[in-house]
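The next block holds one structure in the form of structure tokens; read it before the comments.
Heads up: numbering here begins at 1 and tracks the sequence. For ligands, and for the atoms within them, numbers begin at 1 and follow the listed sequence.
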Amino acid sequence: MINFENERFHLRNKFFSYVLEISRGKHLLHRYWGKSLREFRDSAPLQKIDRGFSGQLKDFENERTYSLDVLPQEYPVRGHTDFRIPAYSVELENGTNISELNYSSYKIFDGKPILKGLPASFGECQTLEIELVDAAKNFTVFLNYTIFEDVPILARSAKFLNTGGKKIKIQSAASAAIDFSDNDFEIINLYGGHAAERTIQRQKISRGIFEISSARGASSHQHSPFIALARPDATEFFGEVYAASLIYSGSFSAKVEAEQFGTTRLVVGLNPEVFSWTLEPQEEFQTPEVILNYSSSGLNGMSQAFHKFYREHLIRGKFKNQIRPILINNWEATYFDFNEEKIISLADCAKDLGLELLVLDDGWFGKRNDDNSSLGDWFVNTEKLPRGLKGLADEVHKRELKFGIWVEPEMTNFDSELYRAHPDWILHVPDYQPSCGRHQLVLDLSRADVREYILDAMRKIFSSAPIDYVKWDMNRHMTESFSAKLPAERQPETQHRYILGLYEIMEKLTAEFPDILFESCSGGGGRFDAGILYYMPQTWTSDNTDAVCRLSIQAGTGLAFPIISQGAHVSVTPNHQVGRVTPLQMRTFVAMAGTFGYELDITKMSDAEKSEVRNYVELYKEIRPTIQLGKFTRLLTGGNEYAWQFSDDKKIIVMYFKILSKPAEPIRILKLAGLDAEKLYTLKKYLPPKKLSVDGGPQKISFEEKSFYGDELMNFGIAVEKIETDFAAYMWIFEK
Ligand code: GLA
């Protein structure tokens, strides 16, 4: 619902209200974002105070209490008395980047406009479009606000239009800015590195500017394009949280400024460090969309809203709300050292274990026997696969498994036919050496000829064999972000043009191959963002497959992204990334909390292990709809223990993990959440960890009853049986 009255726009659904105000016929102010209000009558009017060193525009010279430096704004400009972070900056030919944005008009309509060339949310919704004009510079900014009925979410973006006759240069253009009237917040963000993605960080806001960003040309392992401002008393279940998640896969920035008068400004969008854009007369520039999420029920409320929103209003195509196949990937099983026979032996074993999809990872093309060569040479290595992809796919299909392949289309190597033929197709600056990462070079996707080459190569591969799944990788970040095709003034556009080029390729391929399930990857989760999810409904969460590390990686990822989008595999012990030995049950349960699969040489498992795996696979098939399509709740996060609940109308699944066993610890009781108080829930399965010691295995906890009312499970909880073992993983399955 959006209405306009008394110079105020009130966007409202049952979860939240968002209020904007036109002040003095000119300035667009932010007035309220929080719990849903039946009506906004301004019970706390803006207090106009004459603040020292906060100046006035000439029109307000005699009104010393009216300063942009003090007013809460919606899309703040620099240079006219507001000294806080601006939402945008535009340079004119005369060199100035001072501008002034004044309210001009508005439109309210059903649905939302398409964001040309960019991924964006969709669905039943209503949009407010506000037009702001800089009359002196001849440009217009359109701010878009879209509200959906079924979620506490507001989607925002901005569009620039050059209405004059001269070029203008956009130096920065945020997707949204928000001014909060206080600074009683803690900042939550997700930081990390390769194989250590999305670690949750929570810290008190402090005076100054806090920024998370990526200038790497990918959303990155290092910082996720997600940020939240939580009230200090906000927990998993209670309290207010304001979060922003950018639908974009390239360099981004999110800044939080706690300023002199105790207010807070949040600015989220493209990273101005590696971006500027020249707008010719009558041209438009569209920013990516940012998803603003208000929760009055703590961090779980926030995550559940993101999950629902991305599943319903962002992920597209056939696999949108479809349970995902259990896969076997040969990467950690064989790395580059495989042939057809080996892969078929994995397929035979996978079939026997009940798996559903075989994925042939890196190394099947060109002369690629290690990571030194052949990216870009998209023809089958017939020494490894004498009957080609088709021959192998047919064999795999004969075993009633689906067949998938790995590709890394955005890259090349010095040692490749592609690079030898087209050395100027990579991002590079003339006269400088191009840098490499993992021996590879980034193809310049801002170029149409490069995009055509990639499209053509992928079309040929995808139609050369019955391919059901594609893992699309991107294994280094951008350096020398310079394009041989762009003029000097447009060089700072290269990174953004690359991402637009990537989206164009993905749009075409996903439309042309609607039956292929795409999984995105970037050295694991280096490009796990809402932009990619629009095209590819799942992402390989991390190259780190150690169950202990995965607890924190998946907990962090789940803060913003749905369970069904997170690839998670069981791997061998000692683990290849950290050398840890963990029991199969823990590795399995952790991987089950995502799109489940195996990534080890299953042919080498003992008969006992194989029979355990058969049981787990059967179990996962039974609980998969609840895990992948149900509601996810964190009951405990971090430290030595994690507890996760998955629920739908039929089942409640609870997983509990304890990393290290410690003496003299209290008995842990887990209070379940969000159940129907009056309904009976019957415990159908209880799977405690096995003791590592030899004295007879676990003692099953004995319940007097097997069925409990929801209120008891939520308020009294379930006791975790104390079993002395490290790396303990438990599961309870209740049926309603
Ligand atoms: C990346 C991926 C891995 C694997 C390798 C292959 O690191 O994250 O899963 O596909 O590339 O080279």
Just checking, Arg550 and Trp540: is the charged tip under 6.0 Å from the six-membered ring centre and within 45° of the axis?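 Yes, a cation-pi geometry.
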Just how far is it from atom CG of Leu600 to atom CH2 of Trp331, taken to the nearest 0.5 Å?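 Interatomic distance, Leu600 CG to Trp331 CH2, rounded to 0.5 Å: 15.0 Å.
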Give the residues near ligand 1 by chain and number, with the criterion being a heavy-atom distance under 4.0 Å.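 The 4.0 Å shell around ligand 1 contains Trp331, Asp361, Asp362, Trp406, Arg438, Lys471, Asp473, Asn475, Cys521, Gly523, Gly524, Trp540, Asp543.
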Evaluation steps, side chain to side chain contact (heavy atoms under 4.5 Å, CB included), between Arg634 and Leu559: CA-CA 9 Å; Arg634 290 176 300 273; Leu559 218 53; 3.4 Å; yes
Would you call the rings of Phe306 and Phe226 parallel, tilted or perpendicular, where under 30° means parallel and over 60° means perpendicular?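 Judged by the thresholds at 30° and 60°, the geometry between Phe306 and Phe226 is perpendicular.
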Give a yes-or-no answer on whether the side chains of Asp546 and Asn544 include a donor-acceptor pair shorter than 3.5 Å.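 No - no donor-acceptor pair under 3.5 Å links their side chains.
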Are Asp394 and Lys398 close enough for a salt bridge, meaning some N to O gap below 4.0 Å?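 Not counted as a salt bridge, because no side-chain N and carboxylate O are separated by less than 4.0 Å.
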